[in-house]
Undergrad: 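Quick one: this structure, given as structure tokens, is what I'll be asking you about.
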Amino acid sequence: MKILIDEAAIQRRVTELAADIRTAYGAEPFLFLVVLKGAFMFAADLFRRIGAPGMRIDFIRLSSYRGTHSSGKVEIPKGELAHFAGQNILIVEDIVDTGLTLEVFTKALTDAGARSVRICSFLEKTTVNNGRVKIDFLGFPIPDKFVVGYGLDCDEMHRDLPHVAVYNEE
Ligand code: IMP
């Protein structure tokens, strides 16, 4: 598979993002909320580099994709939303594609009484999202191609790659 973003470039960018996030929150407490499963690897690298005093971590499972296509419907475990009331939330996501997942989830967090909601996404398919979701901290803009690696999968495969590759391209 063709490498789109290599391991060294990813690691450099994650270090920069960590510094941006530390600066943005300062001493203010916030919850680093990782969207499973795709963001797990990005989140682990990023989290250990932020070093902000008031930071805690939690995880949530949202799903809208089956194979290489969106199901068009976002599933949020409703019982968990109440925990987020009154908190500053930093959503940590692997990729924003159509923006549907984070549009729905951001609104659900706001409706549940979150104090603030910001988004950190490793990747964005910029021409597809087209401004639908505003990303506060972005790793890399990418073209409209299906990608795998560094946590991202195709039917649960290829999450272990240390780089990002275009699926099914030589
Ligand atoms: P959205 O709701 O269309 O923005 O899709 C967001 C979710 O779709 C992401 O969290 C991923 O799980 C999945 N996704 C979208 N594009 C890709 C891709 O190129 N590779 C792997 N997963 C993707």
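Since the structure is predicted, the reported quantities are computational estimates derived from the model, not experimental observations. Counting convention: from 1, in listed order, for ligands and their atoms alike. If you read the sequence from its start, that first residue is 1, and numbering goes on from there.
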Undergrad: Within this structure, what is the NZ-CG distance for the pair Lys37 and Leu152, rounded to the nearest 0.5 Å?
TA: 13.0 Å
Undergrad: Would you say that Thr106 contacts Val133 through its side chain, given a criterion of any heavy-atom pair below 4.5 Å between the two side chains?
TA: no
Undergrad: Could you list the atoms of ligand 1 found under 4.0 angstrom from a heavy atom of Glu93?
TA: 10 (O)
Undergrad: Out of all atoms in ligand 1, which are within 4.0 Å of some heavy atom of Leu100? Include the element for each.
TA: 2 (O), 4 (O)
Undergrad: With a cutoff of 4.0 Å, is Lys125 in contact with ligand 1, counting heavy atoms of the residue only?
TA: yes
Undergrad: Using the ring of Tyr25 (Phe, Tyr or Trp, six-membered ring only), decide whether Arg118 places NZ or CZ under 6.0 Å from its centre and within 45 degrees of its axis.
TA: yes
Undergrad: Asp20: which residues meet the side-chain contact (heavy atoms from CB on, under 4.5 Å) condition with it, sequence neighbours left out?
TA: Phe137
Undergrad: Enumerate the atoms of ligand 1 whose separation from the nearest heavy atom of Thr98 is less than 4.0 angstrom.
TA: 1 (P), 2 (O), 3 (O), 4 (O)
Undergrad: List the residues meeting ring-ring contact (aromatic ring centres under 6.0 Å, His included) with Phe105, not counting sequence neighbours, and say none if there are none.
TA: none
Undergrad: Parallel, tilted or perpendicular: which describes the rings of Phe122 and Phe42, with under 30° parallel and over 60° perpendicular?
TA: tilted
Undergrad: For ligand 1, is any non-hydrogen atom under 4.0 Å from Lys145's backbone (N, CA, C, O), its side chain (CB onward), both, or neither?
TA: backbone
Undergrad: Quick one: which ligand 1 atoms are inside 4.0 Å of a heavy atom on Asp153?
TA: 21 (C)
Undergrad: Regarding ligand 1, does Val147 bring an N or O atom to under 3.5 Å of one of the ligand's N or O atoms?
TA: yes
Undergrad: So among Phe40, Phe32, Phe59, which one has a ring-ring contact (aromatic ring centres under 6.0 Å, His included) with Phe47?
TA: Phe32
Undergrad: Please state which option from Leu36, Asp94, Asp97 has its nearest heavy atom closest to atom 10 (O) of ligand 1.
TA: Asp94
Undergrad: Consider ligand 1: state whether an atom of it lies below 4.0 angstrom from any non-hydrogen atom of Gly99.
TA: yes
Undergrad: Identify the two heavy atoms, one from Gly26 and one from Pro53, that lie closest to each other, and give their separation to 0.1 Å.
TA: O-CD, 4.1 Å
Undergrad: Heavy atom under 4.0 Å from ligand 1: found in Thr101's side chain, backbone, both, or neither?
TA: both
Undergrad: Would you call Ile95 a ligand 1 contact, heavy-atom distance under 4.0 Å?
TA: yes
Undergrad: Is it true that Val133 lies under 4.0 Å from ligand 1, counting heavy atoms only?
TA: no
Undergrad: Kindly say whether Cys120 contributes a backbone atom to a donor-acceptor pair with the side chain of Asp136 at under 3.5 angstrom?
TA: no
Undergrad: Which residue from Phe105, Phe146, Phe122 reaches closest to atom 22 (N) of ligand 1 through any of its heavy atoms?
TA: Phe146
